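Presented below is the structure to which this report refers.
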There are 2 protein chains.
Amino acid sequence: MSDAPPPGRPPAVPLYRDLVRQLVATLGAGEWKPGEAIPAERRLAERYGVSIGTVRKAIDTLVDANVLLRQQGRGTFVATHTRDRMLFQFFHIVPERGPKAYPVVKLVAWSRGKADRKEAEALAVVPGDAVIRIRNLLELDGQPIIVDDIAIAAARFPGLTERQFRERPSTIYSLYEDAFGLSVVRARERLRADTADAEIAPLLAVPRGTPLLAIRRIAHTLAGDPIELRLSRVNTARHEYFADIDGGP
Amino acid sequence: MSDAPPPGRPPAVPLYRDLVRQLVATLGAGEWKPGEAIPAERRLAERYGVSIGTVRKAIDTLVDANVLLRQQGRGTFVATHTRDRMLFQFFHIVPERGPKAYPVVKLVAWSRGKADRKEAEALAVVPGDAVIRIRNLLELDGQPIIVDDIAIAAARFPGLTERQFRERPSTIYSLYEDAFGLSVVRARERLRADTADAEIAPLLAVPRGTPLLAIRRIAHTLAGDPIELRLSRVNTARHEYFADIDGGP
DNA sequence: AAGTGGTCTAGACCACCAT
DNA sequence: TGGTGGTCTAGACCACTTA
């Protein structure tokens, strides 16, 4: 790509892998922003001195990872955090019966504080570093179903205000993206069964001791940096968490 | 592929998609069995009269779906239900800390009965049809952590005996595969929080009312037929369910 | 040495979209 | 009409496995 491979020394890393790395670096540097088109495949092939097939294979990788989005006849675009993407990729609570719906999000609490040990570990910061904590209440069908406790490192979100959260028209991840250039592309979730304590129960309008589904999520950027720790508590009386193991061909 | 495309009428379905369909059909017909190699890509290209690139694209699809497995220098093999595959693809319970481990499975109960409405719906049979119900207790680190209640349609597993379950050296899905030619390739799971009742609590050695994670799984064959309904109840005091949202590039 | 999958090329032609 | 991604070809060469 930049250099010819040394003679007789086959490249340890395939060209298209290297191209993925370069595309990710270019994306990370902000040369192509969410919502924008990246250059056409033929142009990328020229720019990097590889064949179009190799470009396609590299782009395939990033499309599979939901980082890029192909649109035939139009171009290839950097993925954005629309409501739809949030609903289909990151929101896994569905009604027991009936169609999936968008939650209505209400900000309950917003505060600054110092990272405790668990927060620090999850966010890859030092205990005591400034964190911002947000509590949201999510309603489905007009009923309060989920309490989200979100923690983010203040250093990654300079100047973030409570007002930005209140006035957010779209999803939280689109706020991270638009205002701070931080794109969540993947997350790890751990689930367990818990019970409603005195603090959570009234928010969800359930008795204390009601079993709740507790979801601990760490959201990552394309570079792999953790940028959000989220503890969701879900009333699963009429809703469920879904997971599909393998989409199939 | 079999016929030339009508002149001026572009094929509605791409060649490689059609090839996927044919490969799936051949797999379903049992021409290539789990663990066996399918013909080399060059041979498939000849056999179906397409280029090797098209064959590779079709095989890519089935490899992504965990139906086929490529091994460089050896061949492409039909996936089997090994312990490893079970652990990495279908078993999502991990210790709170420490490495993932295989569960030790103990058969608690085995019975035949008639499908109730929910079982019938899940297994795509008629209520009242014969079903086999299995209850397993799964231990991790020597502790009983999971109770699995499995229901399968008896008609799909002719001659299945309790003994086969007791003597199973590997996983249940490998029994389905080896003895009945039914390969589980994907599953849908729905999770909610529940509490231990009088029946489950003693099996897990917890007090009644202990919060448990309830997982309802329907497992499907490559053809999309549901072949197993499984209700797992998990003591999440020291273990968790994990879900990765997007593997990334 | 023979056979396998893995990478890469340099095109051709098509379907789709904007103008 | 021109540009985009989508499909498909017919090879070449490589890395790896097995015999």
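A note on names: the letters A, B, ... follow the listed sequences, proteins ahead of strands, and every chain is numbered from 1. What you are looking at is a predicted structure, and each value in this text was computed from that prediction instead of being measured.
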Legend entry - Nucleotide nearest A:R43 (side chain, heavy atoms from C-beta), chosen from D:dC8, D:dT4, C:dG5: D:dT4
Legend entry - Rounded distance in Å - CZ (B:R56) to P (D:dA10): 17 Å
Legend entry - Test: A:E46 and A:R42 ion pair at under 4.0 Å: no
Legend entry - Side chain of B:S51 (C-beta onward), nearest among C:dT4, D:dA10, C:dC8: D:dA10
Inset, instruction - Using whole Å, report how far CG of A:L15 lies from C1' of D:dC14. - result: 13 Å
Inset, instruction - List in chain and number order the residues that pass side-chain contact (heavy atoms from CB on, under 4.5 Å) with A:A40, two or more places apart in sequence or in another chain; answer none if no residue qualifies. - result: A:R43
Legend entry - Length of the NZ-C1' vector between A:K57 and D:dG6, whole Å: 17 Å
Inset, instruction - Report the distance from atom CD of A:E46 to atom C1' of C:dG11, rounded to the nearest whole Å. - result: 14 Å
Inset, instruction - Would you list the pairs meeting salt bridge (charged side-chain N to carboxylate O under 4.0 Å, His left out) in which at least one residue belongs to residues 48-61 of chain A, sequence neighbours left out? - result: A:E41-A:R56, A:D60-A:R70
Legend entry - By salt bridge (Lys or Arg N to Asp or Glu O under 4.0 Å) - contacts of B:R163 (at least two apart): B:E167
Inset, instruction - Please state whether the phosphate of C:dT7, meaning OP1 or OP2, lies under 4.0 angstrom from any side-chain nitrogen or oxygen of A:T54. - result: no
Inset, instruction - Would you tell me if any nitrogen or oxygen in the side chain of A:Y16 comes within less than 4.0 Å of OP1 or OP2 on C:dC8? - result: no
Inset, instruction - Could you tell me whether the side chain of A:R42 has a donor or acceptor atom within less than 3.5 Å of a complementary atom in the base of C:dG11? - result: no
Legend entry - Any pair counted as salt bridge (charged side-chain N to carboxylate O under 4.0 Å, His left out), so long as it reaches residues 83-93 of chain B, sequence neighbours left out: none
Provide a list of protein-nucleic acid N or O atom pairs under 3.5 angstrom, restricted to nucleotides 16-19 of chain C.
| from | atom 1 | to | atom 2 | distance (Å) |
| --- | --- | --- | --- | --- |
| C:dC16 | O4' | A:Q72 | OE1 | 2.9 |

Inset, instruction - Would you mind reading off the distance between A:L19 atom CG and C:dG6 atom P, rounded to a whole angstrom? - result: 20 Å
Inset, instruction - Measure from CD1 on A:I52 to P on C:dC8 and round the result to the nearest Å. - result: 15 Å
Legend entry - Modelled atom types, side-chain donor and acceptor of A:R186 and A:T221, under 3.5 Å: no
Inset, instruction - Please report, rounded to the nearest Å, how far the P atom of D:dT7 is from the CG atom of B:D18. - result: 13 Å
Inset, instruction - Answer yes or no: does a side-chain N or O of A:T76 lie under 4.0 Å from OP1 or OP2 of D:dG5? - result: yes
Inset, instruction - Using whole Å, report how far CG of B:L44 lies from P of C:dG3. - result: 16 Å
Legend entry - With B:R74 via salt bridge (Lys or Arg N to Asp or Glu O under 4.0 Å) - residues at least two apart: none
